[in-house]
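Heads up: numbering here begins at 1 and tracks the sequence. Predicted model, so just to flag it, every value in this text is computed and none were measured. As the structure lists them, so they are numbered: ligands from 1, and atoms in each ligand from 1.
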Amino acid sequence: MLYKRSSELFREAAKVIPGGVNSPVRAFKAVGGDPIFVTHAKGAYLYDEDGNKLIDYIASWGPMILGHAHEPVVNAVKERAEKGTSFGMPTALETEIAEQVVAMVPNIDKVRFVNSGTEACMSAVRLARGYTGKDKIIKFAGCYHGHSDSFLIQAGSGAVTFGSPNSPGVTQGTAKDTLLAAYNDLAQVKELIEANKGEVAAIILEPVAGNMGCILPIEGFVEGLREVCDQEGILLIFDEVMTGFRLSKGGAQETLGVKADIVTFGKVIGGGLPVGAFAARNEIMNHLAPEGPVYQAGTLSGNPLAMAAGLTMLQELADKPEIYDSLQKKTEYLRDGLEKVFAASGFEYCINQKGSMISVHFTNEVFDFATAAKGNNDKFKDFFHGMLAEGIYLPPSAFESWFLNDALSYEDLDNTIKAAKTTLAKMK
Ligand SMILES: *Cc1c(COP(=O)(O)O)cnc(C)c1O
């Protein structure tokens, strides 16, 4: 496959957009080469500027769970656009989608809509701090909660010290309020809480992680967090920007059977338009402005086009829960097929999968960021480019989950497994 036109477009873009992209992971830094410029997409397929057709495993990083340009969503957006694209005034549509979310997600009474997952997580943490009157948060290395300052923190020296900024522009002052633990390490969380007694407002995590590849919580981890939060008056925040409406209609709370105090959403909730949201029970949500003192706002929040797309998507997911069975079966089929070809390849590998999230690491066992980082990145690069040459578009980083969409056919999955076999054979 040729990518001449994409490379030309990338050079042009880089003159006027930093790094040529509006979000870093798009730039192929982790795998090398130039990013592919898309013209359009339909169902399970991407079409690029060089005339290639690719089977898509990123689904816009999650939102397109029913496939691209899904007709009911497209029609809903078209219809709404005719009526005006933004008012800065309330619409009945916002209540309708809020009711839909509250009906689908366990343990929430109210939801506030924002424009991205970043905003949702940032606002959820402010709300948790405002509600508890405490400043510190605990997050896990390798979990991504968007690009707001509190989350761009890396582990400091020693497990029980403060974090330090991992991007210039994040202040030490902010970093000292974010404590870092290893994913799946409940004992470390308890140590942090002990060392910061009475100061921790919230623990935030991806209940199934997707931002270090796909990593599952081990038995008892999330349950243990719930327990320690209850004991210490700490709020448990599930960042369900990836898992919400993807693992099941109620998200990870439903799938894992553990209640969160605040839940954040993004990706699927907008049906492919820019939407985020955070939700909780009344006692917590009523702390939010204008009802309560915790400030949060947005000119385009609850935008009618975005709400129309999101509502149409959520209604379909609520009406047809069999979609989740279908996605699960397809993903397991892919996993089993990949297991076979990887096992035969002789490479070290680990395939993690939950629902329609799956990823391959080129190392034996992955359960946190440190073990994910042991993956052989040169092998991943070769695998990524080999798959691309076969017409399969995987996330251009070993630290990202693949997302299946329900438009994928079993023939697409067979072609993907076959492409993996061919690619692995060439990598020898
Ligand atoms: C994508 C993502 C975010 C950030 O969402 P944006 O819409 O990119 O700001 C936050 N948390 C998780 C778990 C994500 O996967």
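- In this structure, Phe369 and Phe399 have tilted ring planes: the angle between them lies in the 30° to 60° band.
- Protein heavy atom closest to atom 9 (O) of ligand 1, with residue, atom name and distance, is Thr118 OG1, 2.6 Å.
- Residue His145 approaches ligand 1 through these ligand atoms, each under 4.0 Å from one of its heavy atoms: 10 (C), 11 (N).
- Considering backbone and side-chain atoms alike, Asn211 places an N or O below 3.5 Å from some N or O of ligand 1.
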Kindly list each side-chain donor-acceptor pair under 3.5 angstrom involving residues 57-74, sequence neighbours excluded, with atom names and distances?
unit_1	atom_1	unit_2	atom_2	d
Tyr57	OH	Thr416	OG1	2.7
His68	NE2	Asp56	OD2	2.6
His70	NE2	Glu316	OE1	2.8
His70	NE2	Glu316	OE2	3.2

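- Counting atoms of ligand 1 from 1 in the listed order, those under 4.0 Å from a heavy atom of Met242 are 15 (O).
- The closest side-chain donor-acceptor pair between Gln296 and Arg112 falls under 3.5 angstrom.
- In this pair, Tyr183 and Phe140 present their aromatic rings perpendicular. The plane angle is above 60°, beyond the 30 to 60° band.
- The distance from ligand 1 to the heavy atoms of Tyr144 drops below 4.0 Å at these ligand atoms: 2 (C), 3 (C), 4 (C), 10 (C), 11 (N), 12 (C), 13 (C).
- Of the heavy atoms in Glu206, only side-chain atoms (C-beta onward) come closer than 4.0 Å to ligand 1.
- Distances between N or O atoms of Lys267 and those of ligand 1 include at least one value under 3.5 Å.
- Ring centroid separation for the pair Phe265 and Phe113 does not come in under the 6.0 Å cut-off.
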Determine all donor-acceptor pairs shorter than 3.5 Å in which one atom belongs to a side chain in residues 14-40; sequence neighbours excluded.
unit_1	atom_1	unit_2	atom_2	d
Asp34	OD2	Ser7	OG	2.8
Asp34	OD2	Arg11	NH2	2.7
Thr39	OG1	Tyr47	O	3.0

Stepwise salt bridge (Lys or Arg N to Asp or Glu O under 4.0 Å) check, Asp406 with Lys329:
CA-CA 10 Å; Asp406 204 38; Lys329 287 207 182 82; over 6 Å; no
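- Here the protein heavy atom with the shortest distance to atom 11 (N) of ligand 1 is Asp239 OD2, 2.6 Å.
- For the salt bridge (charged side-chain N to carboxylate O under 4.0 Å, His left out) test with Glu199, the passing option among Arg129, Lys136, Lys134 is Lys136; the others fail.
- Geometrically, ligand 1 and Gly117 share a nitrogen or oxygen pair separated by less than 3.5 Å.
- Shown in contact with Ser116 at under 4.0 Å from a heavy atom are these atoms of ligand 1, numbered in order with element: 7 (O), 9 (O).
- Looking at Val241 against ligand 1, only its side chain comes within 4.0 Å, counting heavy atoms.
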